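Since the structure comes first, as structure tokens, the remarks are kept for the end.
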Number of protein chains: 4
Amino acid sequence: MTGQLRADAKRNRDQILAAARELMVNQGAGVPMEEIARHAGVGVGTLYRRFPDRVALLRALSVHTIENMTELARTALRTEPDAWTGLSRFVRECVALRLGALRSIVDPELHTALRQSDELRSARTELLRIVEQMIEAAQRDGSMRTDVGVVDVAMLVSLHLKRPFDVPGTTPVDMDARLTQLMLDGLRPCAATPLPGSPTTLADVNWDADR
Amino acid sequence: MTGQLRADAKRNRDQILAAARELMVNQGAGVPMEEIARHAGVGVGTLYRRFPDRVALLRALSVHTIENMTELARTALRTEPDAWTGLSRFVRECVALRLGALRSIVDPELHTALRQSDELRSARTELLRIVEQMIEAAQRDGSMRTDVGVVDVAMLVSLHLKRPFDVPGTTPVDMDARLTQLMLDGLRPCAATPLPGSPTTLADVNWDADR
Amino acid sequence: MTGQLRADAKRNRDQILAAARELMVNQGAGVPMEEIARHAGVGVGTLYRRFPDRVALLRALSVHTIENMTELARTALRTEPDAWTGLSRFVRECVALRLGALRSIVDPELHTALRQSDELRSARTELLRIVEQMIEAAQRDGSMRTDVGVVDVAMLVSLHLKRPFDVPGTTPVDMDARLTQLMLDGLRPCAATPLPGSPTTLADVNWDADR
Amino acid sequence: MTGQLRADAKRNRDQILAAARELMVNQGAGVPMEEIARHAGVGVGTLYRRFPDRVALLRALSVHTIENMTELARTALRTEPDAWTGLSRFVRECVALRLGALRSIVDPELHTALRQSDELRSARTELLRIVEQMIEAAQRDGSMRTDVGVVDVAMLVSLHLKRPFDVPGTTPVDMDARLTQLMLDGLRPCAATPLPGSPTTLADVNWDADR
DNA sequence: CATGAATGAGACTTCATTCAT
DNA sequence: TATGAATGAAGTCTCATTCAT
């Protein structure tokens, strides 16, 4: 899709995306477009040429993010000895890289607008498919409780993407790791308390983990 | 503290707080002050007379929220047969009522400004003290893993205050309940994997769970 | 006019005027009405009962000021050995007391509104009459140039009412005194250069020295 | 400094300055920014792009004004036969053109803010230097009293920049001229009465005559 | 195509004035 | 009658988006 861009145009596009990611992750999705442009070293006009409005920019960012996560999942699945270890690693990496920190977007308008992208939807499905594989494998070999599904895991991860407040007495990194571990332990069969409802299947999902 | 207000002024103040809570919980902390005023049925001027700026409003809202949570914690502690049951109930209620949904504030400036309120700080400490009691009791009778502290629990709850996206196949209420249960199961001793770092003590905490 | 006020009402009125004078002289005529009320120790409502709007307040202040100046002029005329000395003293006192510092009002709307007060006009005329007496006497005995009239003097004084900027190397008081002296020396016959136009007579004057 | 602006941007900038000068001279420094923009034929946004806030605008205006005055002083010094004539002409021109009428700024906040501009300070010093030359020359050849310095003259001129009230019986122009002449006559040696304090030297001056 | 200037709607806040208590 | 609460118009400033260069 970006293949037919001229070399410099491509470079611009990438710089814009990088700047947008950095600024939005740190300051929320509301950063002035002009500031994004400045950080990217281009004029606003150029930004708007590439991304007609803020939503388009967010969409591109989200797709990019999901593709990164997919890559992480694939690698974890291929590299780790068993499914549970792979899943754990994937979850830890997602949280650590805070690849979904754009989650801080709350504006429901943006929310709605984002959902409507086909590109986004298919990237997401692709990701979910792989994670579901890991989950099912882990459940088969008894290392994961069987009353949870991809959607549960996805929601959990998405909750943990929020940057934690600085708490005196711990480093943010430690805090992150502790919370993630607690979440993973909750997915083990051992302490499993029955859950209300039933796990959602991948089929009818519309997951927004990216935000 | 608000006792010396005239009857009508008090009524206005309450309406403003109610409107602000509702709008901020749903649309984020950025709702136009004017819209808050309109929903409360007063002029902007009135809003500003009561709360000199957005931060003051948020502060009042936060204190109110925390006081509600404290009340819930007290009741749970008093009513339930054992500490773990009490803690679970408290956590479920917090999440269900989404009493801390203001958490959606991301703007770091607001964040910082809020921390500086003594009133807020003491309300928070009060709440933490009670929760810590429950935790310690539960740990003593072996129903809770011993490598976690109030701060861990607080952070966990705060993560779960984010309103989950609507997921096809489950109701939001069910989703909420599932995620909360998973979190609680992670706090049980049975599946406990060692955590990095160590639990923070109440003493040096500065917790912002309310937002 | 204020005679029929109840004792406490009179006290309120005076406190308001005093507060208004102080605040307006220091911060300009734009001080919030509420601040004036607060300084006077009354509610805004009371202020507005006494003075229907800002202009009314200014008018009262101006009349008061002019009456003070008139008193100064009378005393100088009566006490000093000769007219020129009396006039000099009067001018110096006006500047020193900055009795007209309200002059800082620039808003033309206020300006116009103020002119329309009969009370003000007659107080002003009264003052000008006395000053004119001093001028004419001084001119008769040769201590003052004869090509200037009350209006010239009035305008000069009014110019000098502006609080001078702080200048390093001199005290404001000294600066004031120097400038006033230079002005007075310019009124002496000795260095007199012919002036364009002719001195305006008291008759058709509408002088706003009070501001 | 404004050389690198695009042609249209430069035109806008100039129109804004012109509009601001006109409006501020007549109505005080408080004119709504929006009105300035309207008069300049641009949107508010444009105004704010050029001048981030009111103070920046005033600063630019002041620098411009001072530069004009400096030009006048230079010409007077070069053209007139003797120093006193040059100084008189310069003073008359300043008053007539009311080149410093922005003096009507009273708001102490603006005042303070303005002082902090280096550009302004150096423009001012440049002007004072030339005026000081004229003064010293005039004093050397005996046409000016020797107990006054630049600062005295500067303060005097600054006082006379206030637009005089319309007085029946004289034209404003005549009135201006009369008052200016009186001021000049006061600077002559003949009638000189001793002044309190001593003239401030240029070295430690921080003069704000421009406003 | 890139740039950055211009626009103008809209958010925030202040205050003069009115009015309920 | 005094108070101070409420109102809302008005002013300041910001920023998404369009458009001339």
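The chains referred to below are lettered A, B, ... by the order of the sequence lines, with proteins before strands, and numbering in each begins at 1. Here the structure is a predicted model, which means the values were calculated and not measured.
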### Query
Under a 3.5 Å cutoff on both atom distances, Watson-Crick or G-U, what's the dot-bracket for DNA chain E ([ ] crossing, | other strand)?
.||||||||||||||||||||
### Task
Examine distances only and state if a side-chain atom of A:Arg13 and a backbone atom of A:Phe51 form a donor-acceptor pair shorter than 3.5 Å.
no
### Task
Give the rounded distance in Å between these two atoms: CD1 of C:Ile36 and P of E:dC15.
12 Å
### Summary
Among the nucleotides F:dA6, E:dA6, E:dT3, whichever has the atom closest to the side chain of A:Thr46 is E:dT3
### Task
With DNA chain F as reference, determine whether B:Gly43 or C:Gly43 sits nearer its 5' end, using the nearest nucleotide of each.
C:Gly43
### Message
Without decimals, in angstroms, what is the distance between B:Ile16 CD1 and F:dA5 C1'?
### Response
11 Å
### Task
Round to the nearest Å and state the distance from D:Gln27 atom CD to F:dG11 atom P.
11 Å
### Message
Please report the interatomic distance CD1(A:Ile36) to CZ(A:Arg21), rounded to the nearest 0.5 Å.
### Response
12.0 Å
Tabulated below should be each protein N or O lying under 3.5 Å from an N or O of nucleotides 12-15 of chain F; please produce it.
residue	atom	partner	partner atom	Å
F:dT12	OP1	D:Arg54	NH2	2.1
F:dT12	OP2	D:Met33	N	3.0
F:dC13	OP2	D:Tyr48	OH	2.7

### Message
How many whole angstroms separate atom CZ of B:Arg38 from atom P of F:dA6?
### Response
18 Å
#### Entry: Listed nucleotide nearest any side-chain atom of A:Arg49, set E:dC1, F:dT7, E:dA6
E:dC1
### Query
Is the closest side-chain heavy-atom distance between D:Arg50 and D:Leu17 below 4.5 Å?
no
### Task
Whole angstrom is fine here: how far is it from CG in C:Leu47 over to P in E:dT18?
13 Å
### Under-4.0 Å salt bridge between B:Asp8 and B:Arg11
no
### Query
Ignoring hydrogens and geometry, is there a side-chain-to-backbone donor-acceptor pair from B:Arg59 to B:Glu119 under 3.5 Å?
no
## Note on the structure
The reported gap from CE in B:Met33 to CD1 in B:Ile16 (rounded to nearest 0.5 angstrom) is 9.0 Å
### Task
Measure the distance from CZ on C:Phe51 to C1' on E:dT17 and round it to the nearest whole Å.
16 Å
### Task
Determine yes or no for a side-chain-to-main-chain donor-acceptor pair under 3.5 angstrom, with B:Arg54 supplying the side chain and B:Val31 the backbone.
yes
### Query
With respect to the phosphate group of E:dA2, does any side-chain polar atom (N or O) of A:Asn12 fall under 4.0 Å of OP1 or OP2?
yes
### Query
About how many Å separate NZ of B:Lys10 and CD of B:Gln15, when rounded to the nearest 0.5 Å?
10.5 Å
### Query
Take atom CD in B:Glu35; do more than 12 heavy atoms of anything else shown fall under 6.0 Å from it?
yes
### Task
Send over the distance from C:Arg13 CZ to F:dT1 C1', rounded to a whole Å.
17 Å
### Summary
Between CZ of A:Arg50 and P of F:dT17 the distance, given in whole Å, is 18 Å
